[in-house]
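Not measured: the values here are computed from a predicted model. Note that ligands are numbered from 1 as they come in the structure, with each ligand's atoms numbered from 1 the same way. We're numbering straight along the sequence, starting at 1.
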Amino acid sequence: MKSLLIVFHSMTGGTAQMAEAAVRGAAAGQDVRVRLVRAVDATPGDVLDADAYVFATPENLAAMSGLMKDFFDRCYYAALDRIAGRAYAILVCAGTDGSNAVHQIERIATGWRLRAVADPIVVCTHADTPEAIAAPKVIAPDDLARCESLGATMAAGLVLGIY
Ligand SMILES: Cc1cc2nc3c(=O)[nH]c(=O)nc-3n(C[C@H](O)[C@H](O)[C@H](O)COP(=O)(O)O)c2cc1C
């Protein structure tokens, strides 16, 4: 059975909801093994074992979150030249921007020679004050539906052997 690995980090819940929605979409009616793993727990073995990836991170200080970067730092060289051609997609939860987190992950994925199979999804929570930044986030149903659909697309591609 093909497997989809969804690696995520989340401080206030927004990215977690997006990643969970992608899991729901991928698991719905598809014969695919879906693993949702926190970035801090994800290992090179998890990366090598999967056939496709979703990387889900908040944007913090115009970058992917530190723990997401730590995941890539720990896994990059262990997986280099061993996962080329596999499919991936990006989910970013941001206050108002998100573009540089996407850019950073795209650069890493290029190094791994992964294949982007969906446009990155960036959801802005409009948090831009200390209070709003610290508050728990609730992602809108429309945005969750986009993440679900991305998960479903990736699972279908795996089942059909497209990637
Ligand atoms: C330290 C810190 C830095 C942040 N920097 C940015 C930023 O550069 N750009 C942006 O759009 N949002 C920024 N944010 C807002 C978060 O991306 C936003 O709160 C998002 O909902 C966090 O996702 P989470 O709920 O999964 O933790 C920052 C938040 C924190 C805590």
To which protein heavy atom is atom 6 (C) of ligand 1 closest, and what is the distance rounded to 0.1 Å? Glu59 O, 3.3 Å
Flag Ala127 as yes when one of its N or O atoms lies below 3.5 Å from any N or O atom of ligand 1, and as no otherwise. no
Within a 6.0 Å radius of atom CG on Asp73, are there more than 12 heavy atoms belonging to other residues, nucleotides or ligands? yes
Write out the residue and atom name of the closest protein heavy atom to atom 24 (P) of ligand 1, then the distance separating them to 0.1 Å. Thr12 OG1, 3.4 Å
Before accepting this row, confirm whether a basic side-chain N of the pair Arg146/Asp143 lies closer than 4.0 Å to the acidic partner's carboxylate O. yes
For Thr15, counting its heavy atoms only, list the atoms of ligand 1 lying under 4.0 Å from any of them. 23 (O), 24 (P), 26 (O)
Val123 with Leu91, same ILVMFWY side-chain cluster at under 4.5 Å: yes
Over 12 non-hydrogen atoms of neighbours within 6.0 angstrom of NZ in Lys69: no
Atoms of ligand 1 under 4.0 Å from any heavy atom of Gly14, numbered from 1 in the order shown, are 24 (P), 25 (O), 26 (O)
Quick one: do Cys124 and Asp97 satisfy side chain to side chain contact (heavy atoms under 4.5 Å, CB included)? Show the steps, please. CA-CA 7 Å; Cys124 288; Asp97 187 352; 6.0 Å; no
Select the closest option to atom 22 (C) of ligand 1 among Cys124, Gly98, Pro58, judged by heavy-atom distance. Pro58
Would you say ligand 1 has an N or O under 3.5 Å from any N or O of Ala16? no
Note: ligand 1 atoms sitting under 4.0 Å from heavy atoms of Met11 are 24 (P), 26 (O), 27 (O), 31 (C)
Tell me, which protein residue and heavy-atom name are nearest atom 30 (C) of ligand 1, and how many Å apart are they? Asn60 OD1, 3.6 Å
Do Arg86 and Tyr163 have side-chain N/O donor and acceptor atoms under 3.5 Å apart? no
Under 6.0 Å between the ring centres of Tyr77 and Trp112? no
What protein heavy atom sits nearest atom 5 (N) of ligand 1, and how far away is it? Leu61 N, 2.7 Å
Looking at atom 31 (C) of ligand 1, what's its closest protein heavy atom, distance included? Ile133 CG2, 3.4 Å
Is the closest N or O pair between His9 and ligand 1 shorter than 3.5 Å? no
Heavy-atom nearest neighbour in the protein, as seen from atom 21 (O) of ligand 1, with distance rounded to 0.1 Å: Thr125 OG1, 3.2 Å
Count the heavy atoms of every other residue, nucleotide or ligand shown that sit under 6.0 Å from CZ of Arg115, and state whether that count exceeds 12. yes
Between Ala62 and ligand 1, does any nitrogen or oxygen pair lie at a separation below 3.5 Å? yes
Pair His9-Ser65, side-chain donor/acceptor within less than 3.5 Å: yes
For Thr96, the ligand 1 atoms whose distance to one of its heavy atoms is below 4.0 Å: 10 (C), 11 (O)
How close does the nearest protein non-hydrogen atom get to atom 12 (N) of ligand 1, and which residue and atom is it? Gly95 N, 2.9 Å
For Tyr53 and Val47, work out which heavy atoms get closest and say how close. OH-O, 2.6 Å
